[in-house]
Visitor: 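One structure is given below, represented as structure tokens, and several questions about it will come after.
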Protein chains: 4
Amino acid sequence: MANSRFEYVKQFERENFLLPETHIVIRVDGKGFHKFSAHYGFDKPNDIRALNVMNRAAQAIVAQFPDIQMAYGDSDEYSFLLRRTCELFERREMKLVSTFASFMSVYYVMEWNREFPEKPLVIERLPTFDARAVVYPNAQTVRDYFSWRQVDCHINNLYNTTFWKLIEKCGMTGQEAENYLSGTVSSDKNEILFSKCGINYNNEPEIFKKGTVIVREYKEENHVESPSERQKQRIAKARKKAQISVLHVDIIKGDFWSQRPWLLE
Amino acid sequence: MANSRFEYVKQFERENFLLPETHIVIRVDGKGFHKFSAHYGFDKPNDIRALNVMNRAAQAIVAQFPDIQMAYGDSDEYSFLLRRTCELFERREMKLVSTFASFMSVYYVMEWNREFPEKPLVIERLPTFDARAVVYPNAQTVRDYFSWRQVDCHINNLYNTTFWKLIEKCGMTGQEAENYLSGTVSSDKNEILFSKCGINYNNEPEIFKKGTVIVREYKEENHVESPSERQKQRIAKARKKAQISVLHVDIIKGDFWSQRPWLLE
Amino acid sequence: MANSRFEYVKQFERENFLLPETHIVIRVDGKGFHKFSAHYGFDKPNDIRALNVMNRAAQAIVAQFPDIQMAYGDSDEYSFLLRRTCELFERREMKLVSTFASFMSVYYVMEWNREFPEKPLVIERLPTFDARAVVYPNAQTVRDYFSWRQVDCHINNLYNTTFWKLIEKCGMTGQEAENYLSGTVSSDKNEILFSKCGINYNNEPEIFKKGTVIVREYKEENHVESPSERQKQRIAKARKKAQISVLHVDIIKGDFWSQRPWLLE
Amino acid sequence: MANSRFEYVKQFERENFLLPETHIVIRVDGKGFHKFSAHYGFDKPNDIRALNVMNRAAQAIVAQFPDIQMAYGDSDEYSFLLRRTCELFERREMKLVSTFASFMSVYYVMEWNREFPEKPLVIERLPTFDARAVVYPNAQTVRDYFSWRQVDCHINNLYNTTFWKLIEKCGMTGQEAENYLSGTVSSDKNEILFSKCGINYNNEPEIFKKGTVIVREYKEENHVESPSERQKQRIAKARKKAQISVLHVDIIKGDFWSQRPWLLE
């Protein structure tokens, strides 16, 4: 029932219902985290406590939405994979991305306050996130998506590690380090790290090299074609209670996925 | 340059660039605020301190984004009107809605902590918001949009005021009050309020009856057809510095708009 | 390069690029064919010559666009299945649907003139078609789509056959036949046809009961991961030259598909 | 009611309802008309009989759809302007573009057969069209859209006229004429036409220089806020019966529009 003659303006609303039976990935991304990390004095190249804040916030989101099967993140971004048959918010794009951005933001604030009681957040420099949703139609494209993000993590971390070690151990300025690394490929950076800084990149912490994988260790048993309402509730409950693992492992090779066939159905 | 053979997955990303030269409205809406307000013990029918938190959070957003010309809100929702020629985030829908939801959430948390030091937020019950963007092609539809929201505020507030007064003043239970009001129209509720509770609805605070309007009091003078870069910067700066008013006034009739012709160009 | 200061209006154009790696189905549908068939005096319930016109027009489209793997049609509609990796018109939705509607229309006119030289088309009653594109993410949904259309063909044809035979053989009026069939299920109609009209529905022509399947009998051999330009051309040529079969067979059961695994990859 | 368990596949269909209260422009464009005109031996630079075919086909479309207020075309393209409040096909994008492409195609065929009985269309070279829909939010952008198309017509026609006259009158080859015109601006081409070919471009036929405007000369009188069903029918009937003018005039300057204020409301 219309509450007034103005209600016609609802006709201008548009919804994008994400294509059914596709895998939804929602990626949240920190806004202006370069300045944010400078303001709060993050350790370089990686601040393990700040990473913990990100990872705990992402974990809280995974716990919050049982439709999330796994998440992968590094630095100031996180990607969440929703079940192919997920009906969260009727798969409405705006609802999904705005809700994820909102939860990520407030969980980050809460976890920050726990982790950094000595660094209270100031209103001029708050942690905010944007989000986008992308749908992938099949298992291969989902795996390639996560490979893309993990390769990106590797490339950035190798660069940042080398850059900051050149400054720290060799006394270079930022500009000098940048020039020095210009045009180098991965093997060059490994070699520079080793010969100039005495560091074997392979020995760096896995959390920095691989990023963080959060996975709901849950296989839906006895997949039922047309579950009754009661069966649906039982499944939903089991999914909610499923253990959530936090890992720092390779997700480009097949092992991670073959051990969890339910992720890609 | 592709960082890896996986980068092709970016081709699955889709963007909705909102139609140029239309007025963008972004509405943020509290998620589960019924439970939220119960958990933190809001005053009924209106908690003025909680409203202050909403209004200050919205004001912070208006200050943050100079493209916002005005905002209107009541209860747990707020609508932001962007300039017709606004190019914020290239008018990308997902970027806009996720960013607004994120800012609203963290500003709300910050303002909450200021206003309610005695009620610390718990992680199980955090304030989160979703957001949607709608475009309106002309002045009339923009005005009708805001009229729609203000009529909605009025209808809800009249109902809630009568409902809670019947409980408070006449000792009804919630169920009794609901039954009593079932099928009544506005004039009935005004009469009930007056005769049963001794309250003249007209004397209720404007902030409850009208909601809150936040407006950037800024007229772009000497509108230039093709401004130079320097002119653009000067305009942007002026817009940023413009005074922001907070009002509780009628925006359905013409006065509010005719006094600020720049809002609808 | 802009040809004039007006060229900015192109910014209002919007494109929907259909999601990559999904199966595109384009369905064309006759506009007002009820009146069209009445005007040109189609045989009832099926006009085999008019069906031939549809089928030849659809065949011409399949021959025209090598990206089409198969097509299915009955009555005044046809569905075309494009290869999952098809890049026709960069997968632009408007370009695809308008082009298919246009080709279907002109081929229909040409084939009509060949088949019905005694019934020249008049400008007040021309054969026109609209079209829509739908994407399906996997083999199962593609098969279910075509099953949906073939079930629809069956239901319509069984109804129409019974309806017209009641008129023809039992002397009912249209209204009487409609009332007679109201509320009947398939088995009832089979029984009515048999007992009242002496017709065994199973013996009706397959083209009426099953509709028409057009399939490019082409398996891309030696699927190459990253084909060279020369290989691509060779594949495209082979696809173009592939034999096109016209069948009236069941496509709901698995046989049709298992014999042509390349259709669903 | 679902006719079968396969009907769920309809959930994959997506509709783009074009934004209400915006001006819809549908532009149809000939596919491969370069080859088409070569095959059927069009006069160069303009074939007046082929233009007549286009214009009559477009006129038939304007007559067919009373929601069309005006149309503008030249060469092998035509743009149709629909009323701002038009509800044709519920403003569904795919339905609109496919239907317009279909009608344009069959009307073109019919008009071709009338105009060129000596040149029967062959199935290998049929006239087909694609179509796109664009929405414009206000009067200025609509006017600029049509200005854009008329400037385009002018630029193309001036080039083509000069190019073909150099071949015809000065005995140049196509390559020579192309080289000769390379880098020239409008005034150069006017001068070349005059000095080398003795032609004053201003004296060329208006239909070539300006293109063709088709306009429904209809002002909705006594605009009613909420018309009754009977009033609606009367208005629709009047619109249908309105006279349709065919003009070759300037639509960049204001006169055309100020004489027909109803076009832009």
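In what follows, chains carry the letters A, B, and so on, assigned in the order in which the sequence lines appear, proteins first and then strands, with residues in each chain numbered from 1.
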Visitor: Which bit of A:Asp152 comes within less than 4.5 Å of chain B, counting heavy atoms only: side chain, backbone, both or neither?
Guide: both

Visitor: For a 4.5 angstrom cut-off between non-hydrogen side-chain atoms, does A:Val97 reach B:Val97?
Guide: yes

Visitor: With a strict 4.5 Å heavy-atom criterion, list every residue of residues 68-80 of chain A that contacts chain B, or say none.
Guide: none

Visitor: Kindly compute the distance separating CZ (B:Arg14) from CG (A:Leu19), expressed to the nearest 0.5 Å.
Guide: 11.0 Å

Visitor: When heavy-atom pairs shorter than 4.5 Å are enumerated against chain B, which of A:Val109, A:Thr141, A:Ile252 gives the highest number?
Guide: A:Thr141

Visitor: What heavy-atom pair brings B:Val122 and A:Met110 nearest, and what distance separates the two atoms?
Guide: C-CE, 4.1 Å

Visitor: Measuring heavy-atom distances to chain B, does A:Val25 have an atom under 4.5 Å in its side chain, in its backbone, in both, or in neither?
Guide: neither

Visitor: For B:Val135, is it the side chain, the backbone, both, or neither that has a heavy atom closer than 4.5 Å to a heavy atom of chain A?
Guide: backbone

Visitor: Can you find a pair of side-chain heavy atoms, one from B:Ser105 and one from A:Phe103, that are under 4.5 Å apart?
Guide: no

Visitor: Which atoms of A:Arg92 are under 4.5 Å from chain B, going by heavy atoms: the side chain, the backbone, both sets, or neither?
Guide: side chain

Visitor: Roughly how far apart are A:Phe100 CZ and B:Thr128 OG1, rounded to 0.5 Å?
Guide: 11.5 Å

Visitor: Are there over 12 heavy-atom neighbours, none belonging to B:Lys119, within less than 6.0 Å of that residue's NZ?
Guide: yes

Visitor: Give the member of B:Glu93, B:Gln64, B:Arg149 that has the highest number of heavy-atom pairs under 4.5 Å with chain A.
Guide: B:Glu93

Visitor: Rounded to the nearest 0.5 Å, how far does CD of B:Gln150 lie from OG of A:Ser4?
Guide: 11.0 Å

Visitor: Taking the side chain as C-beta and beyond, is there a heavy-atom pair between A:Trp148 and B:Lys10 under 4.5 Å?
Guide: yes

Visitor: Can you name the nearest heavy-atom pair linking A:Ile123 to B:Arg114, along with the distance?
Guide: CD1-NH2, 3.9 Å

Visitor: What closest approach, in Å, do A:Ala101 and B:Ser98 show between heavy atoms, and which atom pair accounts for it?
Guide: CB-O, 3.4 Å

Visitor: Kindly state each residue pair satisfying salt bridge (Lys or Arg N to Asp or Glu O under 4.0 Å) with at least one member in residues 130-141 of chain B, sequence neighbours excluded.
Guide: A:Glu13-B:Arg132, A:Glu15-B:Arg132, A:Lys95-B:Asp130, B:Lys31-B:Asp130

Visitor: So for A:Leu96, is it side chain, backbone, both, or neither that comes closer than 4.5 Å to the heavy atoms of chain B?
Guide: neither

Visitor: How long is the span from the CG atom in A:Asn113 to the CG atom in B:Asn113, to the nearest 0.5 Å?
Guide: 7.5 Å

Visitor: Does B:Ser102 reach the main-chain N or O of A:Phe129 with its side chain, forming a donor-acceptor pair under 3.5 Å?
Guide: yes

Visitor: For A:Tyr8, is it the side chain, the backbone, both or neither that has a heavy atom under 4.5 Å from a heavy atom of chain B?
Guide: side chain

Visitor: Where on A:Ile155 is there a heavy atom nearer than 4.5 Å to chain B: the side chain, the backbone, both, or neither?
Guide: side chain

Visitor: Which bit of A:Phe89 is near chain B, if near means a heavy-atom gap under 4.5 Å: side chain, backbone, both or neither?
Guide: side chain

Visitor: For A:Tyr136 and B:Val9, indicate whether the former's side chain and the latter's backbone hold a donor-acceptor pair under 3.5 Å.
Guide: yes

